[in-house]
Amino acid sequence: MTDLERYFKGLADINRLRILNLLTRGELCGCDIQYVLESSQPNVSRHLQYLKNSGLVLDRREGYRVYYRLAEPHAGSRKSLFEFLQVAFKGEEPFRADIKRLKEAISQGACTLSEMSASKALATSKAGDSARA
């Protein structure tokens with residue numbers, strides 16, 4: 001199977017397209033994706049696994065959380081595909097609505113952002129402690 005064939009098999013579902021749309025904004029925790037899609041954890045995990053198998057998404061584990069991001073868009077068909085998808089997603093309502101929901105979730109302390117905020121707060125606290133010492 002060629003790379004291009006794998007990519008298009010990965011794209012052949014609206015939920016996987018919605019996930020890719022979210023990941024164009026950067027790395028996200030699986031629970032953030034689940035929240036935006038309003039879908040069950042097993043369903044989202046199945047779609048993410050399909051995207052990983054197709055070579056479009058990568059993941060990393062940090063403790064009990066799994067974070068997902070777009071695969072590196074090196075030159076070639078994957079780079080062209082990601083560029084096309086970013087343009088296509090902007091013109092379609094379900095994708096714009098998902099981005100709006102993601103922004104709302106982040107503003108309310110969604111999983112990924114709350115992890116980042118906690119890390120920044122801890123770093124600031126440690127910097128303040130060492131400055132006082």
Side-chain angles (χ1 to χ4, degrees):
M1 180 181 312
T2 68
D3 285 344
L4 194 57
E5 187 178 5
R6 282 186 329 165
Y7 298 156
F8 277 93
K9 283 186 177 191
L11 298 173
D13 183 273
I14 186 64
N15 290 306
R16 293 193 290 271
L17 289 170
R18 290 175 68 196
I19 290 169
L20 288 173
N21 176 50
L22 295 173
L23 294 178
T24 63
R25 301 298 180 170
E27 183 177 73
L28 292 171
C29 179
C31 58
D32 291 334
I33 296 167
Q34 180 185 344
Y35 173 81
V36 173
L37 296 184
E38 297 178 312
S39 188
S40 68
Q41 184 274 328
N43 187 36
V44 170
S45 291
R46 182 174 46 85
H47 288 297
L48 284 162
Q49 187 63 45
Y50 207 102
L51 288 168
K52 282 175 44 184
N53 291 341
S54 69
L56 295 169
V57 169
L58 301 172
D59 69 345
R60 70 177 176 86
R61 182 170 293 279
E62 190 172 300
Y64 62 92
R65 298 190 194 260
V66 181
Y67 294 88
Y68 297 89
R69 66 188 181 282
L70 293 178
E72 295 299 318
H74 300 293
S77 57
R78 185 168 38 205
K79 181 177 189 230
S80 298
L81 179 61
F82 285 164
E83 289 170 353
F84 166 77
L85 288 174
Q86 284 187 319
V87 172
F89 290 149
K90 288 179 184 176
E92 298 291 325
E93 180 50 39
F95 304 114
R96 290 193 309 259
D98 284 346
I99 294 301
K100 182 179 179 186
R101 186 163 166 81
L102 178 63
K103 287 178 181 177
E104 290 170 1
I106 289 172
S107 73
Q108 296 172 12
C111 175
T112 300
L113 185 69
S114 63
E115 292 291 320
M116 288 183 209
S117 297
S119 298
K120 286 179 185 175
L122 184 59
T124 304
S125 172
K126 286 182 180 179
D129 291 345
S130 56
R132 283 181 245 157

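What you are looking at is a predicted structure, and each value in this text was computed from that prediction instead of being measured.
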List the residues meeting side chain to side chain donor-acceptor pair (under 3.5 Å) with Arg25, not counting sequence neighbours, and say none if there are none. none
Value for CG (Leu70) from CG (Leu58), rounded to nearest 0.5 Å, stands at 8.5 Å
According to side chain to side chain donor-acceptor pair (under 3.5 Å), who are the partners of Glu92, at least two apart in sequence or on a separate chain? none
Excluding sequence neighbours, so at least two apart, what forms side chain to side chain donor-acceptor pair (under 3.5 Å) with Arg60? Glu27, Glu62
Min side-chain heavy-atom separation Asp32-Val36 under 4.5 Å: no
Holding to ring pair (Phe, Tyr, Trp, His ring centres under 6.0 Å), I want the full list of residues that pass it with Phe95, two or more places apart in sequence or in another chain. Phe89
Distance-only, no hydrogens or angles: does the Thr24 side chain make a donor-acceptor pair with backbone N or O of Asn21 under 3.5 Å? yes
Verify side-chain contact (heavy atoms from CB on, under 4.5 Å) between Leu48 and Val66, making sure each step is shown before the conclusion. CA-CA 11 Å; Leu48 284 162; Val66 181; over 6 Å; no
Leu37 side chain reached by Asn43 side chain, heavy atoms, under 4.5 Å: no
Out of curiosity, does Ile106 fall in the hydrophobic cluster containing Ile19 (side-chain heavy atoms, cut-off under 4.5 Å, transitive links)? yes
Could you tell me the separation between the NE2 atom of His47 and the CD1 atom of Ile14, rounded to the nearest 0.5 Å? 10.5 Å
How long is the straight-line distance from CG of Asn15 back to CD1 of Ile33, given to the nearest 0.5 Å? 11.5 Å
Do you know which two heavy atoms are closest between Pro73 and Phe82, and how far apart they sit? CB-CD1, 3.6 Å
How long is the straight-line distance from CG of Leu81 back to CD of Gln86, given to the nearest 0.5 Å? 10.5 Å
Rounded to the nearest 0.5 angstrom, the CG-CZ distance for Leu11 and Phe8 is 6.0 Å
Is any side-chain heavy atom of Arg6 closer than 4.5 Å to one of Asp3? yes
If you take all heavy atoms of Arg78 and Ala71, which pair is closest and at what distance? NH1-CB, 3.4 Å
Keeping the roles fixed (side chain from Arg69, backbone from Val57), state whether a donor-acceptor pair exists under 3.5 Å. no
Looking only at heavy atoms, the pair that brings Ser39 and Val44 closest together is CB-CG2, 3.8 Å
Can you run down the salt bridge (Lys or Arg N to Asp or Glu O under 4.0 Å) pairs that involve residues 37-53, sequence neighbours left out, and say none if there aren't any? Glu38-Arg101, Lys52-Asp59
Looking only at heavy atoms, the pair that brings Ser77 and Leu4 closest together is CB-CD1, 4.2 Å
Verify same cluster id: Leu85, Ile99 (apolar side-chain graph, 4.5 Å): yes
If the condition is side chain to side chain donor-acceptor pair (under 3.5 Å), which residues does Ser45 pass it with, not counting sequence neighbours? Gln41
One should read off an interatomic distance between Cys29 SG and Tyr35 OH, to the nearest 0.5 angstrom, of 14.0 Å
In one Ile/Leu/Val/Met/Phe/Trp/Tyr side-chain cluster, 4.5 Å: Phe84, Leu22: yes
